[in-house]
J.: 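This is the structure I have questions about; it appears just below.
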Amino acid sequence: MISSKELTAVILAGGKNPENIASLKEVDGRKVIERQATVLKSKVSRIEVSTSAPVTWSRFPVVVDSFPSIGPLAGIASALDSASTDYVLILDGGFAWLKVEVLDLLVARSGEPFDACAFRFDYANPNPLLAIYHRRCAPRAIARLERGDHDAVGLLTSESLAVRWIEDYELQAFDPEMVTFKKVSSSVEPNPAEEPKAAAAAAVQTITVDPSNCNFAFQAKPAYATALAMIPIVHALAKLDGDL
């Protein structure tokens, strides 16, 4: 677990046109960025906003992308590269329903020896836009951008980072409908008819998993439970074989 003194929150706000910035939309009479700040303020040492160009609307320090406007990885790389604390909490500017319990879970799971801590859906779909990264991840993020790979998911899955995963079933214990990962849109309320997992993982790339990877298989709760259930059966069969 890391302390608030070690953690900076960076809200990925995106472009320079206020009309297109999710952070500035209003939900229940408050801008999304203010709703997020209310949850973040007691958990981090400072709050910053990541944008692709200088802006005047933010009351928080602004980190302008050091790379062209090519998606969230540019914001993540710039935030990590300029970090004044060891750890950086990256938060999508459109997540209007961030729950403090979910944030507490993320912070509690973060820290050494891991490079990052992130949520994963269906054991194969990470979301890099509500995650905590150590600032030592900056060179990996920058290297991806420099070679033209702009996929933010790949920072977690393809750069040999030590990632501590929080699975979706763990998240549901604190956020049953997973509205934390619901992005604000033209509708300012979460749609209860929408499948929560689909909404949470909609913006991330599906990753093909090798079923022969035993390390992966036993991270899955059903597989682990099945293995435990088999132990007494195997023991009984072994005893029977010995008796025979």
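Please read all numbers here as calculations on a predicted model, not as lab measurements. Positions are given from 1 along the sequence.
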J.: Does anything in residues 51-73 pair up under salt bridge (Lys or Arg N to Asp or Glu O under 4.0 Å), and if so which pairs, sequence neighbours excluded?
T.: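 Found Glu34-Arg59.
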J.: Check whether any side-chain heavy atom of Asp168 lies under 4.5 Å from a side-chain heavy atom of Asp122, and answer yes or no.
T.: yes
J.: If you look at every heavy atom in Tyr133 and Pro128, which pair is closest and at what distance?
T.: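 Closest approach of Tyr133 to Pro128: OH-O, 2.9 Å.
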J.: Which atom names give the shortest non-hydrogen contact between Leu40 and Leu89, and what distance separates them?
T.: CD2-CD2, 3.4 Å
J.: I'd like to check the side chain to side chain donor-acceptor pair (under 3.5 Å) partners of Thr180; sequence neighbours left out, ordered by chain and number.
T.: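 Scan of Thr180 (side chain to side chain donor-acceptor pair (under 3.5 Å), adjacent residues dropped) gives Asp175.
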J.: Using 0.5 Å steps for rounding, measure from the CD atom of Glu6 to the CE atom of Met1.
T.: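 If I round to the nearest 0.5 Å, the distance is 10.0 Å.
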J.: I would like to know whether Cys117 and Leu106 meet side-chain contact (heavy atoms from CB on, under 4.5 Å); could you show each step before the answer?
T.: CA-CA 7 Å; Cys117 182; Leu106 183 61; 3.7 Å; yes
J.: Which atom names give the shortest non-hydrogen contact between Ala74 and Leu145, and what distance separates them?
T.: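 Between these two residues, the closest heavy atoms are CA-CD1, 3.9 Å.
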J.: With sequence neighbours left out, write down each residue that passes side-chain contact (heavy atoms from CB on, under 4.5 Å) with Ser45, or none if nothing qualifies.
T.: Thr8, Thr85
J.: For the hydrophobic clusters of this structure (ILVMFWY residues joined by side-chain heavy atoms under 4.5 Å, transitively), does one cluster hold both Tyr87 and Ile11?
T.: yes
J.: Give the C-alpha distance, both sets of side-chain angles, the deciding distance and a yes or no for side-chain contact (heavy atoms from CB on, under 4.5 Å) between Val102 and Leu105.
T.: CA-CA 5 Å; Val102 172; Leu105 173 62; 5.6 Å; no
J.: Taking salt bridge (Lys or Arg N to Asp or Glu O under 4.0 Å) as the cut-off, I'd like each qualifying pair that reaches into residues 87-111, sequence neighbours left out, listed once.
T.: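 Sorted result for residues 87-111: Lys43-Asp104, Asp92-Lys183, Arg109-Glu170.
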J.: May I ask whether Val63 and Leu73 are part of the same hydrophobic cluster, defined by side-chain heavy atoms of I, L, V, M, F, W, Y residues being less than 4.5 angstrom apart, directly or through others?
T.: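 No; Leu73 is not reachable from Val63 via cluster members.
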J.: Should Lys31 and Lys25 be marked as a side-chain contact (heavy atoms from CB on, under 4.5 Å) after you check the CA-CA gap, both sets of side-chain angles, and the distance that decides it?
T.: CA-CA 5 Å; Lys31 292 179 180 178; Lys25 292 183 180 292; over 6 Å; no
J.: Using the side-chain contact (heavy atoms from CB on, under 4.5 Å) criterion, which residues pair with Ser158? Sequence neighbours excluded.
T.: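 By the side-chain contact (heavy atoms from CB on, under 4.5 Å) rule, Ser158 matches Arg144.
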J.: With rounding to the nearest 0.5 angstrom, report the NZ to CG distance, Lys5 to Asp86.
T.: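 So the NZ of Lys5 and the CG of Asp86 are separated by 13.5 Å.
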J.: Taking Ser23 for its side chain and Gly93 for its backbone only, find out whether a donor-acceptor pair lies under 3.5 Å.
T.: yes
J.: Testing the basics here: between Ala118 and Ala131, what is the closest heavy-atom pair and its distance to 0.1 Å?
T.: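 Here Ala118 and Ala131 meet closest at CB-CB, 3.8 Å.
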J.: Enumerate the residue pairs fulfilling salt bridge (Lys or Arg N to Asp or Glu O under 4.0 Å) with a member in residues 68-82, sequence neighbours excluded, ordered by first and then second residue.
T.: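 As it turns out, there is no salt bridge (Lys or Arg N to Asp or Glu O under 4.0 Å) pair with a partner in residues 68-82 once direct neighbours are skipped.
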J.: Are Leu24 and Val32 packed together at the side-chain level, in the sense that at least one heavy-atom pair is separated by less than 4.5 angstrom?
T.: no
J.: Could you grab the distance from atom CD1 of Ile142 to atom OG of Ser66, nearest 0.5 Å is fine?
T.: 7.5 Å
J.: Output every pair passing salt bridge (Lys or Arg N to Asp or Glu O under 4.0 Å) with a member in residues 44-55, not counting sequence neighbours, ordered by first then second residue.
T.: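 Counting only pairs at least two positions apart or across chains, the salt bridge (Lys or Arg N to Asp or Glu O under 4.0 Å) contacts touching residues 44-55 are Arg46-Glu48.
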J.: Identify, with sequence neighbours excluded, every residue that meets side-chain contact (heavy atoms from CB on, under 4.5 Å) alongside Ala83.
T.: Val88, Arg135
J.: Classify the ring geometry between Phe95 and Phe181 as parallel (under 30°), tilted (30 to 60°) or perpendicular (over 60°).
T.: perpendicular
J.: Are Leu171 and Leu130 linked, directly or through intermediate hydrophobic residues, by side-chain heavy-atom contacts shorter than 4.5 Å (ILVMFWY only)?
T.: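 Yes, Leu130 and Leu171 fall within the same hydrophobic cluster.
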J.: Heavy atoms only: give me the nearest Trp57-Ala13 pair and the separation to one decimal.
T.: CH2-CB, 3.8 Å
J.: Can you name the closest pair of heavy atoms from Val27 and Ala96 and give their distance?
T.: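 Minimum heavy-atom contact is CG2-CB, 4.0 Å.
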J.: First locate atom CG of Asn127, then atom CG of Leu156, and finally report the distance between them rounded to the nearest 0.5 Å.
T.: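 Reported to 0.5 Å precision, the distance equals 9.0 Å.
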J.: Are any non-hydrogen side-chain atoms of Pro126 and Phe119 less than 4.5 angstrom apart?
T.: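 The answer is no, as the side chains (C-beta and beyond) never meet within the 4.5 Å cut-off.
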J.: Any Lys/Arg nitrogen of Glu167 or Arg120 sitting under 4.0 Å from an Asp/Glu carboxylate oxygen of the other?
T.: yes
J.: Working to the nearest 0.5 Å, report the span between SG of Cys137 and CG of Leu155.
T.: 6.0 Å
J.: Run the numbers on Phe114 and His134 for side-chain contact (heavy atoms from CB on, under 4.5 Å), then give the verdict.
T.: CA-CA 8 Å; Phe114 298 99; His134 194 282; over 6 Å; no
J.: Once you round to the nearest 0.5 Å, how far does CG of Leu12 lie from OG1 of Thr51?
T.: 10.5 Å
J.: Who are the salt bridge (Lys or Arg N to Asp or Glu O under 4.0 Å) partners of Arg140, not counting sequence neighbours?
T.: none
J.: Listed by chain and number, what are the side-chain contact (heavy atoms from CB on, under 4.5 Å) partners of Ser58, not counting sequence neighbours?
T.: Val49, Val55, Phe60, Val62
J.: With sequence neighbours excluded, what pairs up with Arg136 under the salt bridge (Lys or Arg N to Asp or Glu O under 4.0 Å) test?
T.: Glu112, Asp115
